[in-house]
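Below you'll find the structure, written out as structure tokens, and then a few comments.
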Number of protein chains: 2
Amino acid sequence: MNLKELSLKLGLSPTTVSRALNGYPEVNEATRERVMAAARRHNYHPNTRAIRLATGRAMAIGHIVPVSTKHEIVNPIFADFIAGAGETYTRAGYDLLLSVVSDQDETRTYRSFKSRGAVDGVIVHAPSADDPRIAFLTEIGMPFVVHGRATGATAPYAWLDVNNRRAFRRATDFLLDLGHRRIALINGLEYMDFAIRRRSGYEMALAERGLVLDPGLMHSDEMTESYGYRSARNLLALPDPPTAFLVSSMIPAIGVRRAVEERGLKLGRDISLITHDDELSYLRNGEDVPIFTATRSSVREAGRLAAEMLLELIATPDMTPPTRLLEAELMVGLSTGPARTLP
Amino acid sequence: MNLKELSLKLGLSPTTVSRALNGYPEVNEATRERVMAAARRHNYHPNTRAIRLATGRAMAIGHIVPVSTKHEIVNPIFADFIAGAGETYTRAGYDLLLSVVSDQDETRTYRSFKSRGAVDGVIVHAPSADDPRIAFLTEIGMPFVVHGRATGATAPYAWLDVNNRRAFRRATDFLLDLGHRRIALINGLEYMDFAIRRRSGYEMALAERGLVLDPGLMHSDEMTESYGYRSARNLLALPDPPTAFLVSSMIPAIGVRRAVEERGLKLGRDISLITHDDELSYLRNGEDVPIFTATRSSVREAGRLAAEMLLELIATPDMTPPTRLLEAELMVGLSTGPARTLP
DNA sequence: AATCAATTCCAAACCGCTTTGGGTTTCTCA
DNA sequence: TGAGAAACCCAAAGCGGTTTGGAATTGATT
């Protein structure tokens with residue numbers, strides 16, 4: 001059932017039927033009703049391909065999942081972020097186009113999105129400092145919203161981020177208040193912008209109390225469980241081990257816990273741990289009382305909001321790029337306590 | 001730059017240019033070269049929307065991420081499965097359309113995919129027993145491959161699955177051989193087909209040794225960390241607690257470990273645990289020696305293979321539906337040992 | 001040299017919708 | 001009653017490709 005057939009059945013022109021269905025004013029309300037009813041009855045849905053060609057809009061948003069050829073990691077954060085964004089798209093009648101490409105092909109994919117007219121905009125994931133994608137997308141005129149920020153960008157651009165620096169500064173302060181002085185930082189890859197900001201928050205808090213940084217306590221890598229475990233095991237084996245850990249995600253935090261318990265120590269009593277918690281749906285931080293003390297910010301909600309910002313930007317191309325900074329809550333759980341010197 | 005402009009520049013008709021680029025034989029090789037070179041030089045990419053309308057093919061595959069309104073869980077397996085499938089699509093020039101819909105809207109989404117002509121085929125995730133989607137998709141003539149199987153389907157359909165029954169039977173046998181008699185099963189939701197098969201494997205192994213099932217040892221729920229923790233904590237508090245756990249995924253297994261250690265027990269010594277391991281990229285089961293003894297099967301590889309099957313099915317519509325059964329390896333790790341009676 | 005086949009290219013139709021630019025009716029008001 | 005405005009509807013021209021059905025040219029064959 002297509003437009004022509006439907007209009008034939010109704011004894012109207014395709015023009016009128018199209019207008020009736022799309023809510024244009026130049027059609028009689030009675031006629032509109034009749035058309036609507038017929039469309040429903042015959043289960044008519046306009047062909048997406050034709051709409052897209054005719055309007056020049058793709059009615060789709062692109063997300064690129066970069067798969068690093070080095071470590072082959074699929075960021076577990078994506079699933080929830082995309083679920084959030086997807087809810088927004090579905091509501092607005094947009095499709096979500098997911099492209100899995102090796103990281104060095106990313107700009108090629110953006111270019112192809114553009115020249116093929118496959119999407120109306122994109123979300124940029126996991127920005128690094130001075131991320132080249134921002135200038136590139138601006139240049140080719142592709143609307144975008146960055147999930148995170150990219151220190152070093154000159155021109156304004158649209159972004160949505162968590163206040164990572166403040167969150168980690170507060171978390172560090174909290175540990176310092178508990179008497180901890182040797183605090184390890186188990187961070188993400190430090191070319192990532194979020195990791196840079198978190199480290200900066202950590203450093204600021206220490207500096208404020210006149211403490212010197214110990215580079216030996218600062219680790220940085222892809223945020224897997226194994227990484228958390230390995231880091232913590234090595235750190236706990238030091239002659240002067242840390243009494244607290246500040247961790248960038250629940251997943252390495254679980255690895256840290258494994259190392260701590262393997263050593264016969266107990267979190268919250270012998271060792272303190274604060275992690276960032278993205279509220280991943282399958283990895284809730286406990287049910288009533290949080291397992292880990294955590295800086296908390298829902299990545300799913302971030303996805304919803306970023307998608308809304310992008311759709312708005314597409315609808316109003318020459319608006320000033322919207323930005324939004326979310327604050328993370330500091331939730332006290334069972335993994336922190338006063339500093340104790342280890343036996 | 002579009003086809004008409006390019007053909008004008010070349011002094012050829014759009015027909016010839018199109019044919020040259022698409023490898024049709026009725027064009028001079030010299031001309032083809034010339035066209036190819038010009039296309040590259042002017043960075044010409046045919047407009048996807050126009051191709052889709054003209055050919056009637058969507059050049060896209062749909063994946064539906066059902067978000068249960070009850071528990072709001074995003075299956076963490078998706079991320080890796082989709083990454084695998086996405087690799088195949090990218091290589092074949094297909095797009096991946098992701099739709100996030102609440103579970104009761106799923107068939108509506110399939111219908112809309114069909115009538116809008118948005119995709120050429122779909123992957124069906126997480127089938128339940130007698131999954132209605134299979135009959136439905138067959139009826140509307142939408143090519144599909146099921147990731148998993150649906151006991152109870154009558155007509156043949158395309159699927160790719162892990163031999164869950166055999167895997168869990170072997171795992172149970174392994175525990176029995178170690179002397180365990182009270183083995184808890186921490187399963188996924190039991191309307192899911194994979195969970196039914198795993199349970200069946202577990203039951204078969206017990207029955208074979210003449211052991212009676214204890215329903216009190218069998219839990220079933222959405223596979224989150226909290227669920228694993230809660231189940232294990234309750235089970236370990238029983239007067240006659242299990243000495244071993246058989247778990248459906250790494251994520252609840254981590255919860256089980258938390259409960260075990262909280263009780264001051266040690267995995268592999270006091271309590272044995274075998275989990276299924278999907279080889280999630282961010283949650284590797286240890287680096288050299290597996291943390292958990294596990295039945296292992298890469299879900300990412302499954303994604304790659306399922307996508308290949310689907311593309312094949314789309315290219316050859318009246319082939320008999322392909323099927324593929326993957327065997328899981330049983331990897332011995334540090335979480336299993338001979339049965340010990342607890343103090 | 002005439003004939004037939006193969007090669008090479010093109011004009012025009014088509015995919016299914018939106019949108020422009022009128023053309024009729026009907027209504028309003030002097 | 002006639003003019004102008006408003007309301008309602010339509011034919012036709014896109015959107016940017018692919019594909020059909022020739023036409024013109026070249027080559028091979030007798």
Go through the steps for B:Arg116 and A:Asp95 under the test side-chain contact (heavy atoms from CB on, under 4.5 Å), then give the verdict.
CA-CA 12 Å; B:Arg116 294 178 353 193; A:Asp95 284 334; 3.2 Å; yes
Please state how far atom [atom1] in [X] lies from atom [atom2] in [N], giving the value in whole angstrom units.
| X | N | atom1 | atom2 | value |
| --- | --- | --- | --- | --- |
| A:Leu12 | D:dA11 | CG | C1' | 14 Å |
| A:Arg34 | D:dC8 | CZ | C1' | 13 Å |
| A:Glu33 | D:dC8 | CD | C1' | 16 Å |
| B:His42 | D:dG16 | NE2 | C1' | 18 Å |
| B:Asn28 | D:dT25 | CG | C1' | 12 Å |
| A:Arg57 | D:dG16 | CZ | P | 15 Å |
| B:His45 | D:dG16 | NE2 | P | 16 Å |
| B:Glu5 | D:dG16 | CD | P | 9 Å |

For a 4.5 angstrom cut-off between non-hydrogen side-chain atoms, does A:Arg133 reach A:Ile64?
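Side-chain contact under 4.5 Å: no.
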pair B:His125-B:Val65: side-chain heavy atoms closer than 4.5 Å
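A side-chain contact under 4.5 Å is absent here.
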Closest-nucleotide 5' rank along DNA chain C - winner of B:Leu53 and B:Pro25
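The residue closer to the strand's 5' end, by nearest nucleotide, is B:Pro25.
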For B:Val17 and for B:Ala54, locate the closest nucleotide of DNA chain C by heavy-atom distance; then report the residue assigned to the nucleotide nearer the 5' terminus.
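Going by which nucleotide is closer to the 5' end, it is B:Val17.
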Classify the nucleic acid contact of [X] as base, sugar-phosphate or nothing, counting any heavy atom under 4.0 Å across all strands shown.
| X | answer |
| --- | --- |
| A:Ile51 | sugar-phosphate |
| B:Arg52 | nothing |
| B:Gly117 | nothing |
| B:Thr15 | base |

B:Asn47 side, atom CG; A:Arg52 side, atom CZ - distance, nearest 0.5 Å
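Those atoms lie 11.5 Å apart.
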Specify whether B:Tyr89 and B:His63 have parallel, tilted or perpendicular ring planes, treating 30° as the upper limit for parallel and 60° as the lower limit for perpendicular.
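Plane angle over 60°, so perpendicular.
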Between which nucleotides of DNA chain C, read 5' to 3', does contact with chain B run, using atoms under 4.0 Å from its heavy atoms?
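For DNA chain C, the relevant span reads C:dT8 to C:dG16.
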Which pairs would a plain distance check flag for residues 6-16 of chain B, meaning a side-chain donor or acceptor within less than 3.5 Å of a matching protein atom at least two apart in sequence or in another chain?
residue, atom, partner, partner atom, Å
B:Ser7, OG, B:Leu3, O, 3.2
B:Ser7, OG, B:Lys4, O, 2.7
B:Ser13, OG, B:Thr15, N, 3.4
B:Ser13, OG, B:Thr16, N, 3.2
B:Ser13, OG, B:Thr16, OG1, 3.1

Which angle, rounded to 10°, do you find between the first-five-pair axis and the last-five-pair axis of the helix from C:dA1-D:dT30 to C:dA30-D:dT1?
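That helix gives 50° between its end axes.
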Test log, rule side-chain contact (heavy atoms from CB on, under 4.5 Å), inputs B:Val124 and B:Leu137
CA-CA 10 Å; B:Val124 173; B:Leu137 288 168; 3.4 Å; yes
If you take atom types as modelled and just measure distance, does the side chain of B:Arg49 reach the base of D:dT18 with a donor-acceptor pair under 3.5 Å?
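No, the side chain and the base share no sub-3.5 Å donor-acceptor pair.
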Among B:Arg108, B:Glu106, B:Lys114, find the one that has a side chain to side chain donor-acceptor pair (under 3.5 Å) with B:Tyr110.
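Only one option passes, and that is B:Glu106.
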When the nearest nucleotide of DNA chain D is assigned to B:Asn47 and to B:Glu26 on a heavy-atom basis, which residue is associated with the more 5' position?
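Looking at DNA chain D, the more 5' nearest nucleotide goes with B:Asn47.
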Neighbour count above 12 (heavy atom, 6.0 Å) for A:Arg111 CZ
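No, because the 6.0 Å sphere around CZ of A:Arg111 holds 12 heavy atoms or fewer from other groups.
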Check against side-chain contact (heavy atoms from CB on, under 4.5 Å), A:Asn2 and A:Glu5
CA-CA 5 Å; A:Asn2 59 25; A:Glu5 289 169 33; 3.3 Å; yes
